Amino acid sequence: MTLLALGINHRTANIAVRERVAFTPAQLETALTELRHVPQVQEAAVLSTCNRTELYCVTGPSGERVILDWLSRFHGLSQDELSACAYHYLDGDAARHLMRVAVGLDSMVLGEPQILGQLKDAYQAARRTSGLGGELERLFQHTFAVAKQVRTRTGIGQNPVSVAYAAVSLASRIFDDFSRSRALLIGAGETIELVARHLREAGVRNMIVANRTRERADLLARDFSAEAISLNEIPDALARSDIVISSTASPLPILGKGMAERALKKRRHRPIFMVDIAVPRDIEPEVGDLDDVFLYTVDDLNEVIDENRRHRQVAADQAESLIEHGVSAWQHERRIRGGGELIRRYRDQASELREHSERQALARLARGEDPEEVVRLLAHQLTNRLLHRPTVALREASGRERRDLLSAAEALLLDSTSTKS
């Protein structure tokens, strides 16, 4: 079986494609169950964030094709459209990619810390749907251990910079005095919590938290002395807000062009700065066409993120080295397990031959044949049966001048410590 990592990310696909390929929380369990029943797929896990959708599977030899076909059908995309921006990695390269993702080396923000938590969520989701067997279970556990080592031994996690930080940093270039601005935060998850923390540190004192679940909005709002509202109260809050940052798991836009036009009219066209971190997008792209709206998506945060990448490059180089050691260790353990499986099959075969010879010998003894003769015949038959297949294979290898097989056979079959009597 083959370990396969297949997906798209912020480098290979724009946000319009990424939001179509993303799995919502409501879709994830169904998707994992379906994926496990795709022909050739033995194990499966799905990682879906605003910047990537990736499938990690244990598959047969043509797994890439069948999984790509399933992914295109699930999301209603053509295979050609998906193939144009998809990448895949096999075995050791797949393990290396997963480890790089886990420590944030493949993130838009180098060393971004949230991805490890998202990967652990993907692991738990796969476990709940029985998507993990021995291969992926061991790989994920090994990956988490490597990620912990990287975080402990390098500076890649110090002063973490996230997409949330990049969004606030971009806003600071537009607003001279944050203390006079009001921010509307749509969503109440980890990303919005980080946004709120960065806004408070930047000087924003007036914040509104809007969420589908009012109780969750209340919890987050209390931590930042903010106002909590439900999603249907957004139109009124929008007219009072200078900054809007949104990150929800909604499959459809929450804030549309008409809503923004009405809010601007109430504001007498005082501009609004908006950042849509969500994938799929929370804010309709047409909102950006309005004269008094400055709308940015996660793809517009590259300048801030590139600056972060330069500062973290030394730590990233150290992390790459630790990952290479991690991949080598994983491959070594995998080879040992593969050897163990071969040993088990070889011992099972030898046991079958022994049991067959034993039954024949006991039958002869039951018929009253001479015990010494039965023992000699048993030894002769058992030796011939154990040596028959290796002997035939060695003759064929010799005839084909397969010196590699002959040398391996000599090392495996002959006792180099024995001496002639």
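The structure presented is a predicted model; accordingly, all values stated were derived computationally and were not measured.
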Contacts of [X] that satisfy salt bridge (Lys or Arg N to Asp or Glu O under 4.0 Å) - sequence neighbours left out:
| X | result |
| --- | --- |
| Arg402 | Asp404 |
| Asp218 | Arg214 |
| Glu358 | Arg354 |
| Asp299 | Arg18 |

Counting only heavy atoms not in [X], do more than 12 sit closer than 6.0 Å to its [atom1] atom?
| X | atom1 | value |
| --- | --- | --- |
| Arg268 | CZ | no |
| Arg180 | CZ | no |
| Arg395 | CZ | no |

Can you sort out the partners of [X] under ring pair (Phe, Tyr, Trp, His ring centres under 6.0 Å), two or more places apart, ordered by chain and number?
| X | result |
| --- | --- |
| His97 | Tyr87, Tyr89 |
| Tyr296 | Phe273 |
| His75 | Phe23 |
| Phe294 | none |

How would you list, by chain and number, every residue that makes a side-chain hydrogen bond (donor to acceptor under 3.5 Å, both in side chains) with [X], sequence neighbours excluded?
| X | result |
| --- | --- |
| Glu352 | none |
| Arg222 | none |
| Arg389 | Gln349 |

Do you see a donor-acceptor pair shorter than 3.5 Å between the side chains of [X] and [Y]?
| X | Y | value |
| --- | --- | --- |
| Ser328 | Gln331 | no |
| Asn51 | Thr49 | no |
| Asp69 | Gln79 | yes |

Problem - Pairs meeting criterion ring pair (Phe, Tyr, Trp, His ring centres under 6.0 Å) with involvement of residues 219-249, two or more places apart - result: none
